> 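Submitted below is the structure of interest, expressed as structure tokens.
What you are looking at is a predicted structure, and each value in this text was computed from that prediction instead of being measured.
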Amino acid sequence: MEKALIAFAAALCVVAGCITGLMEGKVAIAAVDNVGKNPDAADKIQSMAIIGAAISETCAIYCLLVAFLIIFILGA
């Protein structure tokens, strides 16, 4: 039973990382849409989209790190 709970906790962390990836896709879609509407602001929109994606990527990295810690520290 304990192994199942450890696996479930690690799976939750991986799901959180996947959700982060989906939200980064939404950021990219919004950036492309706004550049299409306002091509003059493409530089500002691109830089803000890259910064937003980089900040949200840290959440996915932390989720992966926690999943590895759960598997290899608690699972051992």
Side-chain angles (χ1 to χ4, degrees):
M1 182 68 180
E2 183 179 325
K3 296 271 187 185
L5 290 175
I6 291 171
F8 183 71
L12 284 177
C13 292
V14 171
V15 168
C18 292
I19 291 172
T20 303
L22 290 173
M23 293 303 118
E24 285 178 11
K26 284 186 140 188
V27 167
I29 290 170
V32 169
D33 188 38
N34 286 325
V35 168
K37 291 178 183 176
N38 190 2
D40 295 334
D43 293 333
K44 288 184 180 181
I45 293 170
Q46 181 183 8
S47 64
M48 293 301 291
I50 290 172
I51 291 170
I55 290 172
S56 65
E57 186 66 29
T58 59
C59 177
I61 292 170
Y62 289 142
C63 289
L64 181 66
L65 177 68
V66 168
F68 282 150
L69 288 174
I70 288 172
I71 290 170
F72 292 118
I73 301 299
L74 295 177

> Nearest heavy-atom pair of Pro39 and Gly36: which atoms, and what distance?
CD-O, 4.2 Å
> How close do Ile45 and Asn38 get, heavy atom to heavy atom, and via which atoms?
CD1-O, 4.4 Å
> Among Leu65, Ile70, Leu64, find the one that has a side chain to side chain contact (heavy atoms under 4.5 Å, CB included) with Cys13.
Ile70
> Distance check, rounded to the nearest 0.5 Å: Asn34 atom CG versus Lys44 atom NZ?
14.0 Å
> Can you tell if the side chain of Ile6 reaches within under 4.5 Å of the side chain of Glu2, non-hydrogen atoms only?
yes
> What are the two closest heavy atoms between Val27 and Ala49, and how far apart are they?
CG1-O, 4.1 Å
> Following the transitive rule for hydrophobic clusters with a side-chain heavy-atom cut-off under 4.5 Å over Ile, Leu, Val, Met, Phe, Trp and Tyr, establish whether Leu74 and Val66 coincide in one cluster.
yes
> Atom CD in Gln46, atom CD1 in Ile51: separation rounded to 0.5 Å?
11.0 Å
> Where do Thr20 and Ser56 come nearest, in terms of heavy atoms and distance?
CG2-O, 2.9 Å
> Might you point out which heavy atoms bring Ala16 and Cys63 nearest each other, and give the distance in Å?
CB-SG, 3.5 Å
> Count I, L, V, M, F, W, Y as connected when their side-chain heavy atoms are under 4.5 Å apart, and connections chain through other members. Are Ile55 and Met48 then in the same cluster?
no
